[in-house]
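Following: one structure in structure tokens, then a few remarks.
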Amino acid sequence: MPTPSESLVAMRDAAPLVQCITNFVAMNFAANALLAAGAAPAMVHDPEESGEFAAVARAVTVNIGTLSPRWLAGMSEAVAVAQKAGTPWVLDPVACFATTLRREGTGKLLQMQPTIVRGNASEIMAIAGEDSSGQGVDAGDPVAAAEAGARKVAEASGSVVAVTGEVDYVTDGTRAVRIAGGSALMPRVTATGCSLTTVCGAYAAVVEPFDATVAALVHFAAAGELAADKAEGPGSFIPAFLDALAAVGPDTLNEDRVSVA
Amino acid sequence: MPTPSESLVAMRDAAPLVQCITNFVAMNFAANALLAAGAAPAMVHDPEESGEFAAVARAVTVNIGTLSPRWLAGMSEAVAVAQKAGTPWVLDPVACFATTLRREGTGKLLQMQPTIVRGNASEIMAIAGEDSSGQGVDAGDPVAAAEAGARKVAEASGSVVAVTGEVDYVTDGTRAVRIAGGSALMPRVTATGCSLTTVCGAYAAVVEPFDATVAALVHFAAAGELAADKAEGPGSFIPAFLDALAAVGPDTLNEDRVSVA
Amino acid sequence: MPTPSESLVAMRDAAPLVQCITNFVAMNFAANALLAAGAAPAMVHDPEESGEFAAVARAVTVNIGTLSPRWLAGMSEAVAVAQKAGTPWVLDPVACFATTLRREGTGKLLQMQPTIVRGNASEIMAIAGEDSSGQGVDAGDPVAAAEAGARKVAEASGSVVAVTGEVDYVTDGTRAVRIAGGSALMPRVTATGCSLTTVCGAYAAVVEPFDATVAALVHFAAAGELAADKAEGPGSFIPAFLDALAAVGPDTLNEDRVSVA
């Protein structure tokens, strides 16, 4: 079982091609986050080509942040190919509780057994069938309130489930850990969570899903702290965070941040 | 009638959920601007869900910068729900003079009585039925040339109309004020106007439309000045401006910037 | 034949309206790059209006980075109008080797005789009918490997062809030059190539295609060096690069960077 440091080295050595079907808000930031982290992003979404491209991608990540029926079709095509090829895929169920399109889309994608599901507390609680207080894209609930739901989803789906927030929680239904760190500026910058989802995909291309998720979350937590030291607000945090994603090395991603839950 | 400072406090206290149907260029920057200002953005556009989401949003903002028939349908769905619920909605008629799709789309949206219309001089003149010298997305006319047109549109539609530029002009057809400030770098950064439109929505969620528009414009003018002090060009202005949107407080948003027109 | 410095002065004097049909990842950054460089961007893509808008644009740029059938239709409409009007248009065949949609789309667009084609080595080799090692959006081949292919494409299509990378190569099939400079951080920031394509369009609005392409590449190379001096990583490179695109003047764009190939 690789440490986050070892996963980082493996990921950068492979520089895996990660296909992202993400939302319009996150697309540029997520591509830059993947490049900075050490992976190779490709945003390919249309159903005419998403499945064909998924055949060469090392990981597929799907995010429903700005959903439409055609994009949902593109996601399904890519995921079907990934699933058949044994390629890991990651689901980010943005505001999955908010509309019928999102609820049904998330339900359909969950049936395709994501390798990893990453969301905020309100999203994971909604998937677990619990009442959440989320309205928009921000979490309305603390991570702790979603831990039981996360275990339930992991057991039912076989996915690794990550709930991210002030202290992150990761479980595969059997094991569970918490990851501390990051910065209070992270929820004040749009698409940090969406970008983290794509970086989970980069790690899942090279190590097992649970280790991949932990490594991605540790990578983001460490980079968030570094960036917060340089930032004067949410705006200057953005370039500083991308710098930090690139700057952190194996020495920075130590296991101290990870505790068994 | 609240001062801009009082409106700022009310807006940040509420952190209102603002649904934005904006263009692809502005989406990330507008979301970050709303977060920095103190609101909660949600970009939800497709006709399959935009109306459903509008029912929980505290304000809806619509921007035709990268228009298509399907997005226009999504805008109409959201606006219809907002209108019925008495939720404020803001129209940004980007380059509304440039093509038939934009002219007709803007005409259709104007019939749905926007709470606030924010545009540059060329756009407001075009809506008022006057000849403008706009071609692309930039204003080809000075704000002063659009003031009469703005009053005409406000009287006809019942909307508060804001013409933004070097000195902004806001009118509800009866009252009118001018707002000075900002920075010459603002028109050199794409989507600053589009972002301002979304922030008008955030304020309109908590105070009356005229006061909301004035507060949003004062907020942007103050932040623009702060950011210009730190920026070395249009690129470094971007993070500095987001920092400044977050940094300005009630003390900064004084009424000195506002003069009766 | 204008020097890059002379082309820069001419471009900034004209501040040409450049219609960009580009990908979702690049849209914000490309608009900011055009503004910083001195041009006026307009992102207008839908087939309902792209042709109508192309009639007033001084250049049209087309980029297949996040392709779909409807966007391809929008590109074709705009290009048909540009071609008929003698307006220059630029093609950026992002990952054109990767899927059937891209291969066929690129083939269709190439038949409409782009004024300029700008791509990385793998993309230009694919267009020339050669085997490339590209998989995603990044080049898998060095520029040198694509020079013969670039000449072949230029001869067959009448286009100026630019292969960009560590040392750029530009040819019209008869003449050929290489352009050195830039920064190793440029390929680590998404959409730098896509933005360069749009800036080629800005220059092509005012000078001949070969000179325009050379000037745009020299502009980017000079700005890349300036920005690298200020950047601490790929994140801080982004605002620094936009600052630098605006800061470089005729003195900076000397011909020393250009050598006959």
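Chain identifiers are assigned alphabetically (A, B, ...) following the order of the sequence lines, protein sequences preceding nucleic acid strands; residue numbering begins at 1 within each chain. In this text, all values refer to a predicted model and were calculated from it rather than measured experimentally.
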Do any pairs count as a salt bridge (Lys or Arg N to Asp or Glu O under 4.0 Å) and have a residue in residues 29-43 of chain A, sequence neighbours left out, and if so which ones? none
Heavy-atom nearest pair, B/Leu242 first then A/Gly235, reads CB-CA, 3.5 Å
Taking side chain as everything from C-beta outward and backbone as N, CA, C, O, which of these in B/Ala240 sits under 4.5 Å from a heavy atom of chain A? Side chain, backbone, both or neither. neither
To the nearest 0.5 Å, what is the distance between CZ (B/Phe53) and CG (A/Leu101)? 12.5 Å
Ring pair (Phe, Tyr, Trp, His ring centres under 6.0 Å) pairs touching residues 121-141 of chain A, sequence neighbours excluded, are none
Can you name the residues that form a ring pair (Phe, Tyr, Trp, His ring centres under 6.0 Å) with B/Phe237, not counting sequence neighbours? B/Phe241
Against chain A, label B/Ala36 side chain, backbone, both or neither, depending on which of its atoms sit under 4.5 Å from a heavy atom there. both
Can you pull out the donor-acceptor contacts between chain B and chain A, under 3.5 Å, including backbone atoms?
residue: B/Asn28; atom: ND2; partner: A/Val25; partner atom: O; Å: 2.8
residue: B/Asn32; atom: OD1; partner: A/Thr190; partner atom: N; Å: 2.8
residue: B/Glu49; atom: OE1; partner: A/Thr99; partner atom: OG1; Å: 2.6
residue: B/Glu49; atom: OE1; partner: A/Arg102; partner atom: NE; Å: 2.8
residue: B/Glu49; atom: OE2; partner: A/Arg102; partner atom: NE; Å: 3.3
residue: B/Glu49; atom: OE2; partner: A/Arg102; partner atom: NH2; Å: 2.8
residue: B/Glu52; atom: OE1; partner: A/Thr100; partner atom: N; Å: 3.1
residue: B/Glu52; atom: OE1; partner: A/Thr100; partner atom: OG1; Å: 3.4
residue: B/Glu52; atom: OE2; partner: A/Thr100; partner atom: N; Å: 3.0
residue: B/Glu52; atom: OE2; partner: A/Thr100; partner atom: OG1; Å: 3.2
residue: B/Glu52; atom: OE2; partner: A/Arg103; partner atom: NH2; Å: 3.4
residue: B/Lys230; atom: NZ; partner: A/Glu232; partner atom: OE1; Å: 2.8
residue: B/Asp243; atom: OD1; partner: A/Gly233; partner atom: N; Å: 3.4
residue: B/Asp243; atom: OD1; partner: A/Gly235; partner atom: N; Å: 2.8
residue: B/Asp243; atom: OD1; partner: A/Ser236; partner atom: N; Å: 2.9
residue: B/Asp243; atom: OD1; partner: A/Ser236; partner atom: OG; Å: 3.4
residue: B/Asp243; atom: OD2; partner: A/Ser236; partner atom: OG; Å: 2.7

